Visitor: 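Here you go, one structure.
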Amino acid sequence: MVAHAVLEGFAAAGGPLVGWDAVWGREAARWEERLRAAASWEERFALVAAELAARRAEGRRVDPEVAYVWGELVRSHGAARVAGLAAEVGWSRKRLWSRFRAQLGIAPKRAARLVRFDHAAHRLAAGGHPAAVAAEAGYADQSHLHREVAEFARVTPSAVAREPWLSVDEAAWSLPGYLR
């Protein structure tokens, strides 16, 4: 639940800096007051740790339809058509977007783009030529791949290819236990 809020705030802000209300929602003002009233940093950390533990214990239910769509996006390396997946689960496109975003923090189209980028980045790290990787991953052309890499990684495809973590991270998009 908290990770969902953080990711949603992250996606909405377009980067890692999010406002307090993006994480805590309507409770932000109450939390700010509690943290300001705490006598020490240790007390503040204890308050936040207790709240995070309570929220984690509550859990967050994910619709089976949302989990299915996520699984298909991962399985297809982001190539599955979102409208087709909505039809497969018996939902309208609008309902799928609403539920997916509410439960995973990003829209399904953006999730598909991120999964496709991850697949392309791994292919680049494995030594794939950018033009071949672009074609294999479903990009319109090499410049389309370049734009996506620049947007998501803020570097060039050749710089992504040199990232050491990509050569060992085969399961970057495996389904977390709560989505199974």
Side-chain angles (χ1 to χ4, degrees), residues 1-74 78 82 89 91 93-122 125 147-156 159-160 162-180:
M1 182 171 194
V2 173
H4 160 75
V6 171
L7 288 174
E8 183 175 312
F10 182 86
L17 301 177
V18 298
W20 188 242
D21 58 337
V23 176
W24 297 104
R26 294 183 301 249
E27 299 174 36
R30 181 180 62 87
W31 267 100
E32 187 173 350
E33 287 176 25
R34 287 184 69 190
L35 293 174
R36 286 184 189 278
S40 67
W41 280 105
E42 289 79 17
E43 187 179 342
R44 288 180 188 103
F45 288 129
L47 284 169
V48 172
E51 179 64 16
L52 290 175
R55 288 182 179 215
R56 184 168 189 252
E58 288 175 12
R60 184 170 183 88
R61 189 181 154 278
V62 175
D63 293 328
E65 295 86 353
V66 170
Y68 173 80
V69 169
W70 172 253
E72 289 301 300
L73 291 175
V74 171
V82 174
V89 299
W91 283 357
R93 183 179 164 277
K94 184 176 179 179
R95 177 168 172 78
L96 174 61
W97 280 61
S98 171
R99 300 298 297 159
F100 196 98
R101 184 167 176 79
Q103 293 175 19
L104 299 185
I106 60 174
K109 178 76 171 177
R110 182 148 179 97
R113 288 178 59 212
L114 286 166
V115 170
R116 180 176 61 182
F117 161 75
D118 179 71
H119 174 66
H122 280 85
R147 286 190 306 274
E148 291 266 301
V149 170
E151 178 182 343
F152 291 132
R154 306 274 192 250
V155 295
T156 64
V160 167
R162 292 189 301 266
E163 289 298 327
W165 60 270
L166 288 170
S167 62
V168 296
D169 184 13
E170 276 302 313
W173 297 102
S174 61
L175 284 171
Y178 64 88
L179 283 179
R180 291 184 190 172

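This is a predicted model, so every value here is computed, not measured.
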Visitor: Is R36 atom CZ crowded by more than 12 heavy atoms from other residues, nucleotides or ligands, each under 6.0 Å away?
Guide: no

Visitor: For V89 and Y68, which heavy atoms make the closest approach, and how far apart are they?
Guide: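 Reported closest heavy-atom pair: CG1-CD2, 3.5 Å.
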
Visitor: Measuring from R110:CZ to F152:CZ, what's the distance to the nearest 0.5 Å?
Guide: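 Reported value, rounded in 0.5 Å steps: 4.5 Å.
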
Visitor: Apply salt bridge (Lys or Arg N to Asp or Glu O under 4.0 Å) to R99 and list each qualifying residue two or more places apart in sequence or on a separate chain.
Guide: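 In terms of salt bridge (Lys or Arg N to Asp or Glu O under 4.0 Å), with neighbours along the sequence ignored, R99 is linked to D63.
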
Visitor: Are any of the side-chain nitrogens in R116 or E148 under 4.0 Å away from the carboxylate oxygens of its partner?
Guide: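 Yes, charged N to carboxylate O under 4.0 Å.
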
Visitor: How far does CZ of R113 sit from CG of L73, to the nearest 0.5 angstrom?
Guide: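 CG of L73 is found 13.0 Å from CZ of R113.
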
Visitor: Taking side chain to side chain donor-acceptor pair (under 3.5 Å) as the test, write out the residues that go with T156, two or more places apart.
Guide: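 With neighbours one apart ignored, the set is S158.
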
Visitor: Considering non-hydrogen atoms only, spot the tightest contact between G78 and V115 and give its length.
Guide: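 So the minimum-distance heavy-atom pair works out to N-CG1, 3.6 Å.
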
Visitor: For a quick test of reading the model, state the closest non-hydrogen atom pair linking E43 to A39 and the distance between them.
Guide: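 Minimum heavy-atom separation between E43 and A39: OE1-N, 3.0 Å.
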
Visitor: Determine the minimum heavy-atom distance between W91 and V66, stating which atoms define it.
Guide: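 Of all heavy-atom pairs spanning W91 and V66, the closest is CZ3-CG2, 4.0 Å.
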
Visitor: Supply the atom-to-atom distance E65 CD to F100 CZ, rounded to the nearest 0.5 angstrom.
Guide: 12.5 Å

Visitor: I would like to know whether V48 and L35 meet side-chain contact (heavy atoms from CB on, under 4.5 Å); could you show each step before the answer?
Guide: CA-CA 9 Å; V48 172; L35 293 174; 3.9 Å; yes

Visitor: How close do V155 and V149 get, heavy atom to heavy atom, and via which atoms?
Guide: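 Residues V155 and V149, closest heavy atoms: O-CG1, 3.3 Å.
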
Visitor: side-chain contact (heavy atoms from CB on, under 4.5 Å) between L114 and I106: does it pass, once the steps are laid out?
Guide: CA-CA 10 Å; L114 286 166; I106 60 174; 3.9 Å; yes

Visitor: What residues, two or more places apart in sequence or in another chain, satisfy salt bridge (Lys or Arg N to Asp or Glu O under 4.0 Å) together with E72?
Guide: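 Salt bridge (Lys or Arg N to Asp or Glu O under 4.0 Å) check on E72 returns R75.
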
Visitor: For W97, does the six-membered ring have the charged nitrogen or CZ of R101 within the cation-pi criterion, i.e. under 6.0 angstrom from the centroid and within 45° of the normal?
Guide: no

Visitor: Is E51 salt-bridged to R44, cutoff N-O under 4.0 Å?
Guide: no

Visitor: With the side chain counted from C-beta on, respond yes when H122 and D118 share a heavy-atom pair under 4.5 Å apart, and no when they do not.
Guide: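 Heavy-atom side-chain distance check passes, below 4.5 Å.
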
